[in-house]
Protein chains: 2
Amino acid sequence: MDRAAVFNEYLRRKGLKNTKQRMTILEAFQGSKFHYSTEELYLELRKDHPKIGYATVHRTLKLFAECGIAIELNFGDGQSRFEPLNENQHHDHLVCTNCGLIIEFMEPRIENLQGQVAARYDFKIESHRHELYGLCSNCAKQR
Amino acid sequence: MDRAAVFNEYLRRKGLKNTKQRMTILEAFQGSKFHYSTEELYLELRKDHPKIGYATVHRTLKLFAECGIAIELNFGDGQSRFEPLNENQHHDHLVCTNCGLIIEFMEPRIENLQGQVAARYDFKIESHRHELYGLCSNCAKQR
DNA sequence: CGGGATATTGAAAATGACATTCAGAAGCTA
DNA sequence: TAGCTTCTGAATGTCATTTTCAATATCCCG
């Protein structure tokens, strides 16, 4: 299921409407590898679709994040940025040291910070491992 | 070297001045285990020091972050929060897969996000490992 | 210990990102 | 297609943060 499908299903489920603007914004958003802020995407869209308003872009990006096809990131420049999210994203692990349960998690904000750390040391990341060890919900209760 | 010493040295090095307000704010900030936002610390300070202005609190917190005795965190509630930072903080590693160089790094924002991930799964973190593998500055150049 | 250059302070106003409002337009369901 | 509901876009509101500015405090140097 691609992003458009996920988005449409989300709209339907929520009783929201599929509009030209929303589809146009999704298309522009998907197309790029860039981390758009609301303003940047708005300015970009303006070239071909001068009638789409800033508020609409903003509301639509929020919708993307809500339905899981995008992640809202914060690079500390005072603007939220949105990154298209894929289904088969890299994930890391929570490992229960008591029962061995392994939970997969994805946290793009950590990936992002890793990049910032690497840049700090002029380091080129090729791979990483990130594991959190502790007690899962069940095991924590039993103690 | 405690935080006050680090802060004072930073001020001196930058040609900035050691003022009563700054010391008062540092004291209040250090005392708590709380993650203060500018507004919260301002309101707290007001009780004993009604003449300290909001802007001064804000500027001083920024200074703390600049000189490394605090970290600015963003919990997504639209307000920046500041956490006192200790010297012997947990650190993780950058590992060069070519020359074996190991760089230690500290990134409280990653630690913070780890906590958020754990909370998501009702998981109690006891420890973690986080290693970034790739090429250090030198090795990257030689390729 | 002053004098004077320079940074700081605090109140108020500005800024800027984000959110909301509202009237007209468009989508959806039957 | 009717008719109800949601959307849209421009304008405006909101709120945290930043800046401004005139008065004040600090620090350096003789």
Side-chain angles (χ1 to χ4, degrees), chain A residues 4 7-29 35-67 70-82, chain B residues 4 7-29 35-67 70-82:
Chain A
F7 186 49
N8 283 319
E9 187 168 323
Y10 181 76
L11 292 177
R12 195 156 4 92
R13 202 174 296 167
K14 285 273 199 170
L16 304 177
K17 290 169 182 172
N18 180 330
T19 66
K20 283 174 206 156
Q21 288 92 333
R22 282 174 178 167
M23 292 306 120
T24 302
I25 293 167
L26 177 55
E27 223 170 291
F29 177 64
H35 289 85
Y36 277 124
S37 66
T38 300
E39 179 159 28
E40 287 163 350
L41 183 49
Y42 167 65
L43 292 174
E44 185 63 29
L45 276 164
R46 229 185 184 186
K47 296 176 188 169
D48 293 326
H49 307 274
K51 283 189 294 191
I52 292 186
Y54 183 97
T56 300
V57 175
H58 178 257
R59 284 180 289 221
T60 304
L61 283 171
K62 285 285 188 190
L63 274 180
F64 291 169
E66 258 177 59
C67 75
I71 170 79
E72 185 171 351
L73 298 172
N74 230 292
F75 296 87
D77 64 347
Q79 264 188 311
S80 291
R81 293 174 180 283
F82 294 81
Chain B
F7 186 49
N8 282 319
E9 188 167 324
Y10 180 77
L11 291 178
R12 195 153 8 90
R13 203 173 298 168
K14 284 272 199 170
L16 304 177
K17 290 168 182 171
N18 180 328
T19 66
K20 283 174 206 155
Q21 289 92 332
R22 284 175 177 167
M23 290 308 120
T24 302
I25 294 166
L26 176 55
E27 223 171 292
F29 178 64
H35 288 85
Y36 277 124
S37 66
T38 299
E39 180 160 28
E40 287 163 349
L41 182 50
Y42 168 65
L43 292 175
E44 186 62 29
L45 276 164
R46 229 185 184 187
K47 296 175 188 169
D48 292 328
H49 307 273
K51 284 189 292 189
I52 292 186
Y54 183 97
T56 300
V57 175
H58 178 259
R59 285 181 286 220
T60 304
L61 283 172
K62 286 285 188 189
L63 273 180
F64 291 169
E66 259 177 59
C67 75
I71 170 80
E72 183 170 354
L73 299 172
N74 229 294
F75 296 89
D77 64 347
Q79 264 187 311
S80 291
R81 291 173 182 285
F82 295 80

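Proteins come first, then strands; the chains are lettered A, B, ... in the order of their sequence lines, and each starts at number 1. Values below: every heavy atom of this structure, side chains too, minus hydrogens, waters and symmetry copies. Predicted model only: the values in this text are computed from it and were never measured.
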Protein and nucleotides 24-30 of chain C: nitrogen or oxygen contacts under 3.5 angstrom:
from, atom 1, to, atom 2, distance (Å)
C/dG27, N2, A/Lys17, NZ, 3.3
C/dG27, N3, A/Lys17, NZ, 3.4
C/dC28, OP1, A/Asn18, N, 3.0

**OP:** Starting from the C-alpha separation in whole Å, work towards a yes-or-no answer on side chain to side chain contact (heavy atoms under 4.5 Å, CB included) for A/Asn18 and A/Arg12.
**Re:** CA-CA 8 Å; A/Asn18 180 330; A/Arg12 195 156 4 92; over 6 Å; no
Subject >> Helical bend (five base pairs per end, nearest 10°) for the helix from C/dC1-D/dG30 to C/dA30-D/dT1 >> reply: 40°
Original post:
Given A/Phe82, which of A/Thr38, A/Ile71, A/Leu41 fulfils the side-chain contact (heavy atoms from CB on, under 4.5 Å) condition?
Top reply: A/Thr38
**OP:** For residues A/Phe7 and A/Leu26, report the shortest heavy-atom separation together with the two atoms involved.
**Re:** CD2-CD2, 4.1 Å
Original post:
Which distance, rounded to the nearest 0.5 Å, do you find between the OG1 of A/Thr24 and the CG of A/Leu45?
Top reply: 7.5 Å
Original post:
A/Gln79 has an atom CD; how far is it from atom C1' of D/dA16, in whole Å?
Top reply: 15 Å
**OP:** Provide, to the nearest angstrom, the distance between the CG atom belonging to B/Leu61 and the P atom belonging to D/dA16.
**Re:** 15 Å
Original post:
Should the heavy atoms of other residues, nucleotides or ligands under 6.0 Å from CD of A/Glu66 be counted, would the total exceed 12?
Top reply: yes
Original post:
From B/Thr19 OG1 over to B/Ile25 CD1, what is the distance, rounded to the nearest 0.5 angstrom?
Top reply: 7.0 Å
Subject >> Separation of C/dT9 C1' from B/His49 NE2 (nearest whole Å) >> reply: 16 Å
Original post:
Shortest non-hydrogen contact from A/Lys17 to A/Arg22?
Top reply: O-NH1, 2.7 Å
**OP:** Respond yes when some side-chain nitrogen or oxygen of B/Thr56 is under 4.0 Å from OP1 or OP2 of C/dT8, and no when none is.
**Re:** no
Sequence neighbours excluded and cut-off under 3.5 Å, please list the side-chain donor-acceptor pairs for residues 51-61 of chain B, or say none.
from, atom 1, to, atom 2, distance (Å)
B/Arg59, NE, B/Ala55, O, 3.3
B/Thr60, OG1, B/Thr56, O, 2.7

Original post:
Hey, does B/Leu63 have a side-chain heavy atom less than 4.5 Å from the side chain of B/Leu11?
Top reply: yes
**OP:** By nearest nucleotide on DNA chain C, pick out whichever of B/Thr60 and A/Glu72 is the more 5' one.
**Re:** B/Thr60
**OP:** Quick one: closest heavy-atom pair of A/Tyr10 and A/Cys67, and the distance?
**Re:** CG-CB, 3.2 Å
Subject >> Sub-4.0 Å heavy-atom contacts from residues 38-47 of chain A onto DNA chain D, ordered by number >> reply: none
What's touching nucleotides 18-22 of chain D from the protein side, N or O pairs under 3.5 Å?
from, atom 1, to, atom 2, distance (Å)
D/dT18, OP2, B/His58, ND1, 3.4
D/dT18, OP2, B/His58, NE2, 2.2
D/dT20, O4, B/Arg59, NH1, 3.4

Original post:
When the distance from CG of B/Leu11 to P of C/dT6 is rounded to whole Å, what number comes out?
Top reply: 19 Å
Subject >> Heavy-atom pair of closest approach, residues A/Arg81 and A/Ser37 >> reply: NH1-N, 3.8 Å
Original post:
Which residues pass the side-chain hydrogen bond (donor to acceptor under 3.5 Å, both in side chains) test with B/Lys62, sequence neighbours left out?
Top reply: B/Glu72
Original post:
How close or far is atom P of D/dA23 from atom NZ of B/Lys51, stated in whole angstroms?
Top reply: 18 Å
